[in-house]
**Q** 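Quick one: the structure is below, and I'll ask about it shortly.
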Amino acid sequence: ALLTGLLFSLLVAAASWLLLSLHQRPGREILLGIKRGQFHVEYQPLVTAQDGRPYGVEALLRWTHPVEGMIPPDVFIGYAEAQNLIIPLTQHLFSLVARDARFLSQQLPRGTRLSLNLSPLHLASCDFRHHVQTWIAAMPADHFNYVFEITERTMVGEKGAGEVFAWLHDNDFKIAIDDFGTGHSALIYLEKYPFDYLKIDRGFVQSIGTETVTSPVLDAVLLLAKKLNLKTVAEGVETGDQAAWLVNRGVTHLQGYLFSRPLRPENLIHYYQSQARL
Ligand code: C2E
Ligand code: CA
Ligand code: CA
Ligand code: CA
């Protein structure tokens, strides 16, 4: 009885140590997670607004922690940025995508847009270009059209942002401004930097048909995007009403659960196949 009691308390101690360790030492847990293959990538389709046809995919990182289960990227990306691990984590993302791409490129049409999210910290690092080149060398040649998604905060205080963007364009990468409308002093960046896509934040999309106050803002943003010749992607589209409203306003691409959730590669291929049959 004494032994089982001892074993039991040991077990409880071990479990609580594991539970605590993620939040107390997230950096160590992320590194372990990379080493132990706990991360994978899901791909969420984007469709062309006019005909609903698949246009491309956004890669979204997933972490299954052995104790805590699925940890949302909003949480672990924040940890990674705070612990100076966003660069190794993004390099891991690159290698996971390159691994998936060998299989995906045999099934997805040539020219499929492949979007990856980048952290501003990575973009500003001097190794960034080298990391991108290394990644592309590991990707199937001439198959995907690449898009990097970055948030507005990237531009704040980044003197070199313009230069990096020019380099990306010289190398055939497109740039999307992500979560548009959620940061500060947003509009000025649209003129200043050569974005190709503007991604309308889910918050805006979800307010369609519910809060009349947000519609004028969204209207203004869409008008501006059109004037600046940007493609627009509405994210978080969940209802047919939202989609109809957005298409009516000239949004060029849609993304959201209405079309598909983020999918593992096998399921993404099924999605493409089912769309091709329509
Ligand atoms: P995001 O870039 O704005 O990604 C879109 C998020 O909206 C994703 O959440 C996606 O699953 C979710 N979403 C898409 N359609 C719908 C919908 O119809 N309804 C709802 N409720 N949600 C929808 P996720 O995957 O949890 O990612 C959250 C954020 O974490 C991302 O926001 C992005 O900022 C960050 N993130 C994810 N993966 C990466 C990554 O590989 N690198 C970096 N730097 N950030 C990442
Ligand atoms: Ca994004
Ligand atoms: Ca977004
Ligand atoms: Ca977001």
Side-chain angles (χ1 to χ4, degrees), residues 30 33-34 38-47 55-64 69-100 113-125 128 131-132 135 146-154 174-183 186 195-208 210 218 221 231-243 245-246 251 253-264 267-268 271:
I30 289 172
I34 292 175
Q38 294 163 8
F39 289 91
H40 75 272
V41 182
E42 290 184 356
Y43 301 85
Q44 187 177 34
L46 276 74
V47 305
Y55 177 72
V57 297
E58 176 178 5
L60 295 157
L61 203 49
R62 297 286 177 259
W63 186 15
T64 316
M70 284 290 283
I71 299 165
D74 287 324
V75 172
F76 69 75
I77 295 293
Y79 280 153
E81 285 178 340
Q83 304 282 317
N84 253 324
L85 289 172
I86 192 65
I87 294 179
L89 188 60
T90 307
Q91 286 184 282
H92 189 51
L93 167 78
F94 284 162
S95 69
L96 292 172
V97 170
R99 199 172 65 189
D100 291 340
R113 301 299 190 284
L114 174 60
S115 299
L116 268 71
N117 294 282
L118 288 180
S119 162
L121 291 164
H122 196 184
L123 206 81
S125 88
F128 174 71
H131 292 165
V132 171
W135 174 51
Y146 301 102
V147 182
F148 285 123
E149 302 193 0
I150 51 158
T151 52
E152 286 163 48
R153 65 202 164 96
T154 308
K174 301 286 186 213
I175 308 165
I177 181 159
D178 203 354
D179 295 349
F180 192 77
T182 56
F195 299 114
D196 305 288
Y197 296 88
L198 185 154
K199 293 198 80 171
I200 298 149
D201 193 64
R202 195 165 76 214
F204 275 127
V205 174
Q206 278 168 354
S207 70
I208 293 171
T210 58
L218 189 47
V221 167
K231 297 192 177 86
T232 40
V233 184
E235 58 178 36
V237 180
E238 292 183 354
T239 70
D241 284 349
Q242 290 167 348
W245 192 97
L246 292 158
V251 167
H253 303 283
L254 305 169
Q255 179 181 6
Y257 295 169
L258 178 64
F259 307 97
S260 173
R261 292 187 173 255
L263 302 169
R264 297 241 189 193
N267 294 331
L268 179 67
Y271 171 83

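When a ligand or atom number is given, it counts from 1 through the structure's own listing order.
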**Q** Please report the interatomic distance OG1(Thr151) to CD1(Ile177), rounded to the nearest 0.5 Å.
**A** 8.0 Å
**Q** Do any N/O atoms on Glu149 end up under 3.5 angstrom from N/O atoms on ligand 1?
**A** no
**Q** Report the part of Asp179 (side chain from C-beta onward, or backbone N, CA, C, O) that has a heavy atom under 4.0 Å from ligand 1; answer both or neither where that applies.
**A** side chain
**Q** Using the side-chain contact (heavy atoms from CB on, under 4.5 Å) rule, take Glu42 and Leu263 through it: C-alpha gap first, then chi angles, then the decisive distance, then the call.
**A** CA-CA 5 Å; Glu42 290 184 356; Leu263 302 169; 5.9 Å; no
**Q** What do we get for Arg62 next to ligand 1 when only non-hydrogen atoms under 4.0 Å count, side chain, backbone, both or neither?
**A** side chain
**Q** Which heavy atom of Pro262 sits nearest a heavy atom of Leu60, and at what distance?
**A** CG-CD1, 3.8 Å
**Q** Heavy atoms only: which of Val97, Thr239, Asp201, Ile77 is nearest to atom 39 (C) of ligand 1?
**A** Ile77
**Q** Give the atoms of ligand 1, by number and element, whose distance to some non-hydrogen atom of Gly256 is under 4.0 Å.
**A** 15 (N), 18 (O)
**Q** Between CG of Asp179 and CD of Glu235, what distance do you get to the nearest 0.5 Å?
**A** 5.5 Å
**Q** Distance-only, no hydrogens or angles: does the Gln83 side chain make a donor-acceptor pair with backbone N or O of Tyr79 under 3.5 Å?
**A** no
**Q** Judging by distance only, is a nitrogen or oxygen of Leu61 under 3.5 angstrom from one on ligand 1?
**A** yes
**Q** With heavy atoms only and a cut-off of under 4.0 Å, state how Val237 meets ligand 1: side chain, backbone, both or neither.
**A** backbone
**Q** Quick one: closest heavy-atom pair of Glu58 and Leu46, and the distance?
**A** N-CD1, 3.9 Å
**Q** Counting from 1, what ligand 1 atoms have a heavy atom of Glu58 closer than 4.0 Å?
**A** 2 (O), 4 (O)
**Q** Measuring from atom 23 (C) of ligand 1, which candidate in Phe39, Phe148, Phe76, Tyr257 has the nearest non-hydrogen atom?
**A** Tyr257
**Q** For ligand 1, indicate whether the residue Gln44 contacts it via side chain, backbone, both or neither (heavy-atom separation under 4.0 Å).
**A** side chain
**Q** Do the ring planes of His122 and His131 sit parallel (below 30°), tilted (30 to 60°) or perpendicular (above 60°)?
**A** tilted
**Q** Mark up the atoms of ligand 1 that fall under 4.0 Å of a heavy atom belonging to Leu93, in ascending order.
**A** 41 (O)
**Q** Tell me, please: is Gly236 in heavy-atom contact with ligand 1, that is, under 4.0 Å?
**A** yes
**Q** Would a distance-only check, ignoring hydrogens and angles, find a side-chain to backbone donor-acceptor pair under 3.5 Å from Asp196 to Ile175?
**A** yes
**Q** What atoms in ligand 1 come closer than 4.0 Å to a heavy atom of Asp74?
**A** 28 (C), 29 (C), 30 (O)
**Q** So between Gln242, Glu238, Met70, whose heavy atom ends up nearest atom 20 (C) of ligand 1?
**A** Glu238
**Q** Run the numbers for me: atoms of ligand 1, each under 4.0 Å from some heavy atom of Pro262, listed by number.
**A** 11 (O)
**Q** Kindly compute the distance separating CD1 (Ile71) from CD (Gln38), expressed to the nearest 0.5 Å.
**A** 8.0 Å
**Q** Would you compute the distance between atom NZ of Lys199 and atom NE2 of His253 and round it to the nearest 0.5 angstrom?
**A** 11.0 Å
**Q** Near Glu235, which atoms of ligand 1 are under 4.0 Å from a heavy atom of that residue?
**A** 3 (O)
**Q** Between Val205 and Gly236, what is the shortest heavy-atom contact and its length?
**A** CG1-O, 3.7 Å
**Q** At distances under 3.0 Å, what protein N, O or S atoms surround the Ca ion (ligand 2)?
**A** Glu58 OE2, Asn117 OD1, Glu149 OE1, Asp178 OD2
**Q** Should Gln255 be counted as touching ligand 1, given the test is an N or O pair under 3.5 Å?
**A** no
**Q** Taking only heavy atoms of Pro73 into account, list the atoms of ligand 1 that are under 4.0 Å away from them.
**A** 24 (P), 25 (O), 26 (O), 27 (O), 28 (C), 30 (O), 36 (N), 37 (C)
**Q** Which word best sums up how the rings of Trp135 and Phe94 line up, parallel for under 30°, tilted for 30 to 60°, or perpendicular for over 60°?
**A** parallel
**Q** If you look at every heavy atom in Ser260 and Gln44, which pair is closest and at what distance?
**A** O-NE2, 3.0 Å
**Q** Would you kindly check if the NZ (Lys) or CZ (Arg) of Lys231 is within the cone defined by 45 degrees around the ring axis of Tyr197 and under 6.0 Å from the six-membered ring centre?
**A** yes
**Q** Got Ile150 and Phe195 here, is their nearest side-chain heavy-atom distance under 4.5 Å?
**A** yes
